[in-house]
Q: 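This is the structure I want to talk about, given as structure tokens.
A quick note: this is a predicted structure, and the numbers were derived from the prediction, not measured.
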Amino acid sequence: MPTPHNHPAFHFTHEIVVPASAIDELHHANNVEYVRWVQDTATAHWLAAFPVGEREHYIWVVREHHIRYHRPALLHDKLRCTTWIGEIRGAQCQRFVRIERAVDGVLLCEAETQWVLLDPQTQRPKRIEAEVERRLWEPVG
């Protein structure tokens with residue numbers, strides 16, 4: 001998977017702390033939690049890029065996730081989740097997320113997700129407009 005350093009898109013960072021509710025019987029974050037963090041990071045970027053009043057014109061759904069787990073996250077670890085946009089084609093948007101331990105930058109997980117944009121009224125795929133694409137690639141705020 002590409003790294004945030006070799007792709008030209010804006011990179012949005014979202015930090016989280018691993019809560020007790022994420023820890024499984026192996027004493028590390030359950031793999032399902034990583035999926036949640038990948039989606040939460042994408043959502044945080046979307047909400048930062050599109051304020052209330054604009055974001056309601058769009059619905060994003062996941063078509064597929066590809067996730068590679070490298071190291072475990074432990075209770076109270078501070079995680080740095082970095083996301084950026086890859087290829088945009090029609091109604092589909094490729095998004096990458098890297099989850100690293102903030103204290104030392106160790107890579108814990110990397111993901112590639114295919115998102116599909118839907119029209120909120122019809123719930124049918126909607127072509128990603130040039131303005132939406134531009135704003136996803138640009139710095140937020």
Q: Hey, does the side chain of Arg80 reach the backbone of Glu15 with a donor-acceptor pair shorter than 3.5 angstrom?
A: no

Q: Is it true that the side chains of His45 and Arg95 contain a donor and an acceptor less than 3.5 Å apart?
A: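 Yes, a side-chain donor-acceptor pair sits under 3.5 Å.
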
Q: Do the side chains of Trp60 and Val116 get nearer than 4.5 Å, heavy atoms only?
A: no

Q: Would you call His70 and Glu110 a side-chain contact if the rule is heavy atoms closer than 4.5 Å?
A: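 Counting from C-beta outward, His70 and Glu110 do come under 4.5 Å.
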
Q: To the closest 0.5 Å, what do you measure between CH2 (Trp46) and CG (Leu136)?
A: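 Reported value, rounded in 0.5 Å steps: 6.0 Å.
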
Q: Sequence neighbours excluded, which residues qualify as ring-ring contact (aromatic ring centres under 6.0 Å, His included) partners of Tyr34?
A: Trp37, Tyr69

Q: To the nearest 0.5 Å, tell me how far Cys81 SG sits from Arg98 CZ.
A: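 It comes to 11.5 Å.
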
Q: When you compare the side chain of Arg127 with that of Glu129, does any pair of heavy atoms fall below 4.5 Å?
A: no

Q: Under 4.5 Å between side-chain heavy atoms, hopping through other hydrophobics if needed: is there a path connecting Ile88 to Phe50?
A: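 Linked within one cluster.
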
Q: Nearest 0.5 Å, what's the CD1-CD distance between Ile59 and Gln123?
A: 5.5 Å

Q: State yes or no: do Leu74 and Ile99 share one hydrophobic cluster built from I, L, V, M, F, W and Y residues joined by side-chain heavy-atom distances below 4.5 Å, directly or via other members?
A: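 No, it is not one cluster - the side chains of Leu74 and Ile99 are not joined through contacts under 4.5 Å.
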
Q: Are there more than 12 heavy atoms of other residues, nucleotides or ligands under 6.0 Å from atom CZ of Arg134?
A: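 Enclosed.
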
Q: Using a 6.0 Å cut-off, check whether atom CZ of Arg55 has over 12 heavy atoms from anything other than its own residue.
A: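 Enclosed: over 12 neighbouring heavy atoms sit under 6.0 Å from CZ of Arg55.
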
Q: Would you give the length of the straight line joining atom CZ of Arg63 to atom CD of Gln92, rounded to the nearest 0.5 angstrom?
A: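 Atom-to-atom, Arg63:CZ and Gln92:CD are 4.5 Å apart.
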
Q: Between Trp84 and Phe96, is the gap from one ring center to the other below 6.0 Å?
A: yes

Q: Roughly how far, to the nearest 0.5 Å, is SG of Cys93 from CG of Leu117?
A: 9.0 Å

Q: Quick one: CD on Glu100 to OG1 on Thr82, what's the gap to the nearest 0.5 Å?
A: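 These two atoms lie 5.5 Å from each other.
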
Q: Do the ring planes of His65 and Trp115 sit parallel (below 30°), tilted (30 to 60°) or perpendicular (above 60°)?
A: perpendicular

Q: Could you go through residues 18-32 and list every donor-acceptor pair under 3.5 Å that involves a side-chain atom there, pairing it with any protein atom two or more places apart or in another chain?
A:
{"from": "Asp24", "atom 1": "OD1", "to": "Leu26", "atom 2": "N", "distance (Å)": "2.9"}
{"from": "Asp24", "atom 1": "OD1", "to": "His27", "atom 2": "N", "distance (Å)": "3.4"}
{"from": "Asn30", "atom 1": "OD1", "to": "Val32", "atom 2": "N", "distance (Å)": "2.8"}

Q: Run the salt-bridge test on Arg135 and Glu138 with the 4.0 Å N-O cut-off and return the result as yes or no.
A: no

Q: Hey, any chance Val17 and Leu107 share a hydrophobic cluster, counting ILVMFWY side chains that come within less than 4.5 Å of each other, even indirectly?
A: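 Each belongs to a different hydrophobic cluster.
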
Q: Can any side-chain N or O of Asp104 pair as donor or acceptor with the backbone N or O of Val106 at less than 3.5 Å?
A: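 Checked: pair present.
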
Q: Check the pair Ile67, Val35 against side-chain contact (heavy atoms from CB on, under 4.5 Å), reporting the backbone distance first and the verdict last.
A: CA-CA 8 Å; Ile67 298 179; Val35 175; 3.4 Å; yes

Q: Do you reckon Leu47 sits in the same ILVMFWY cluster as Val132, going by side-chain contacts under 4.5 Å, direct or chained?
A: yes

Q: Can you tell me if Glu54 uses its side chain to pair, donor with acceptor, with the backbone of Val52 under 3.5 Å?
A: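 Absent.
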
Q: Using modelled atom types only, decide if a donor and an acceptor are shared between the side chain of Gln94 and the backbone of Gly86 within a distance under 3.5 Å.
A: no

Q: With clusters defined by side-chain heavy atoms of hydrophobic residues (ILVMFWY) lying less than 4.5 Å apart, directly or transitively, does Tyr58 cluster with Leu118?
A: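 They do not share one cluster, since no chain of ILVMFWY contacts under 4.5 Å joins Leu118 to Tyr58.
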
Q: Taking the side chain as every heavy atom from C-beta outward, state whether Arg71 and Leu108 have any atom pair closer than 4.5 Å.
A: yes

